[in-house]
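Here's the structure we're looking at; comments come further down.
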There are 2 protein chains.
Amino acid sequence: MQQSRPETRIQQKNRAAILEAALDVFSAQGFRGATVDQIAAAAGLSKPNLLYYFPSKEAIHAELLGGLLDTWLDPLRTMDPDGEPLEEILAYVRRKLEMSRDYPRESRLFANEIVQGAPRIADELSGALKNLVDEKVRVINAWADAGRIARVDAYHLIFSIWSLTQHYADFDVQVHAVLGGPEVDPYPAANEYLQQLFTRLLTP
Amino acid sequence: MQQSRPETRIQQKNRAAILEAALDVFSAQGFRGATVDQIAAAAGLSKPNLLYYFPSKEAIHAELLGGLLDTWLDPLRTMDPDGEPLEEILAYVRRKLEMSRDYPRESRLFANEIVQGAPRIADELSGALKNLVDEKVRVINAWADAGRIARVDAYHLIFSIWSLTQHYADFDVQVHAVLGGPEVDPYPAANEYLQQLFTRLLTP
DNA sequence: GTCTATAGACGGATAGAC
DNA sequence: GTCTATCCGTCTATAGAC
């Protein structure tokens with residue numbers, strides 16, 4: 001029986017349910033648009049009970065955003081300088097698109113934050129994010145120096161991978177409106193199109 | 001002296017100032033995040049005075065969004081079926097990128113709306129927007145049939161143009177964080193990169 | 001047309017019983 | 001740990017004087 005940290009199973013379960021519900025609500029409504037009542041209801045709790053687990057609405061949001069950037073950048077981190085250049089980049093595109101498909105709420109939570117000026121993660125963007133991108137830009141430029149891929153602006157190459165893949169999560173409703181209904185799955189065609197696009201762009 | 005519509009110059013000027021201020025605030029904070037006080041202050045008016053010109057916060061937002069989609073789609077509408085295919089598409093990309101550079105607030109207003117499920121413009125997306133895209137998809141496919149550009153999925157081609165160009169307005173802070181400061185102008189390099197990208201993708 | 005004052009609703013957070 | 005009740009700040013919108 002640990003006294004210092006009485007972390008019961010029910011506590012863990014409720015915390016998890018709150019974060020899950022909060023991801024739903026924040027990603028769909030933004031921070032200001034979301035209400036604690038909505039999150040509590042979605043988590044199956046009363047509002048005061050939710051605030052027993054988290055000190056404030058802000059704290060829930062911060063916890064969600066906190067871990068997000070790291071997992072979001074994992075596919076980029078995985079890009080191997082010693083691999084076959086075109087294959088590494090195409091694999092990155094594929095993984096990033098899979099993340100949009102499998103974790104659209106996380107993508108929209110992030111998008112909401114950035115579009116509104118990233119008030120809560122500006123530091124991480126110019127810190128961890130910039131450092132990782134700078135490192136991978138050097139890798140890509142080295143590949144181009146060696147003549148193994150065509151030379152392109154590596155920063156904008158990375159921007160383009162982000163925007164193209166995240167578009168399918170962030171602008172989901174627009175994609176489905178244009179393609180004609182929620183039953184259409186845009187991802188197979190999107191994947192094929194993007195593989196084709198980057199193959200043609202980068203083949204020397 | 002017109003009695004039916006006493007549209008004085010000061011009225012026109014105030015209405016314009018309100019819409020201008022509202023674009024600032026809505027695009028930066030989203031609909032829920034914006035307050036009437038902020039908009040009024042930015043327009044140099046008191047809150048009740050603002051509400052003398054517009055019946056509600058919602059009405060201001062609706063008026064801004066209302067005209068937006070049309071002007072936003074103008075560059076696509078301009079794409080000429082009888083022009084030189086690659087040149088038409090590259091020109092569309094160029095104009096769309098210029099719109100991100102010159103009207104970033106409009107882009108972010110739109111992005112805020114779509115990311116949060118487009119509650120106020122869902123109809124226009126599956127109506128006017130879809131119709132125009134369907135039409136241009138037929139044009140692009142005809143170009144591919146004639147062997148004048150490489151065959152790609154035309155819907156995803158259009159999606160990619162949207163996402164790549166709007167990224168520089170919507171994710172502005174992230175772009176500047178990565179490139180290392182607000183004084184960097186990403187647009188010249190972005191334009192060159194995008195022209196290169198679509199040229200390589202579409203050249204038969 | 002523009003202001004001060006305020007109504008009325010909502011949302012975040014807390015008190016305190018159980 | 002969970003609830004009911006409630007406080008208090010904020011926000012939209014209106015009333016009414018000037």
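Throughout, protein chains are lettered first and strands after them, A, B, ... in sequence-line order, and every chain is numbered starting at 1. Computation of the quantities below employed the complete heavy-atom set of this structure, encompassing side-chain atoms and omitting hydrogens, waters and symmetry-equivalent molecules.
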> Which word best sums up how the rings of Tyr168(B) and Tyr187(B) line up, parallel for under 30°, tilted for 30 to 60°, or perpendicular for over 60°?
Replying inline: tilted
> If only side-chain N and O atoms of Asn49(B) are considered, is one of them under 4.0 Å from the OP1 or OP2 phosphate oxygen of dG1(C)?
Replying inline: no
>> Expressed as a whole number of angstroms, how long is the span from Tyr52(A):OH to dG16(C):P?
In response: 18 Å
> Nearest-Å distance, CD (Gln29(A)) to C1' (dG12(C))?
Replying inline: 16 Å
>> Once you apply a heavy-atom cut-off of 4.0 Å, does Tyr53(B) come out as touching a base, just sugar-phosphate, or nothing?
In response: sugar-phosphate
> Among side-chain atoms of Tyr52(A) and Asn14(A), is any donor-acceptor pair under 3.5 angstrom?
Replying inline: no
> Quick one: is dC3(C) close enough that its OP1 or OP2 comes under 4.0 Å of any side-chain N or O from Ser46(B)?
Replying inline: yes
> Within this structure, what is the CD1-to-P distance between Ile60(A) and dA13(C), rounded to whole angstrom?
Replying inline: 9 Å
> Looking only at atom types and distance, does a side-chain atom of Gln11(B) sit under 3.5 Å from a main-chain N or O of Thr8(B), one as donor and one as acceptor?
Replying inline: yes
>> Nearest whole Å is fine: how far is dA13(C) C1' from Gln38(A) CD?
In response: 17 Å
> Between Leu45(A) (CG) and dT4(D) (P), how many Å, whole number?
Replying inline: 13 Å
> If you measure from the Lys or Arg side-chain nitrogens to the Asp or Glu carboxylate oxygens, is any gap between Glu124(A) and Lys130(A) under 4.0 Å?
Replying inline: no
> What's the CZ-P distance between Phe54(A) and dT14(C), to the nearest Å?
Replying inline: 15 Å
Atom pairs, N/O to N/O, protein against nucleotides 10-15 of chain D, distance under 3.5 Å?
residue : atom : partner  : partner atom : Å
dT12(D) : OP1  : Ala34(B) : O            : 3.3
dT12(D) : OP1  : Val36(B) : N            : 3.3
dT12(D) : OP1  : Lys57(B) : NZ           : 3.0
dT12(D) : OP2  : Val36(B) : N            : 2.9
dA13(D) : OP2  : Lys57(B) : N            : 2.9

> Any side-chain donor paired with an acceptor under 3.5 Å for Asp153(B) and Tyr193(A)?
Replying inline: no
> Between Arg77(B) and Asp70(B), is there a salt bridge with N-O shorter than 4.0 Å?
Replying inline: yes
>> By the 4.0 Å heavy-atom rule, please label Ile10(A) as base, sugar-phosphate, or nothing.
In response: sugar-phosphate
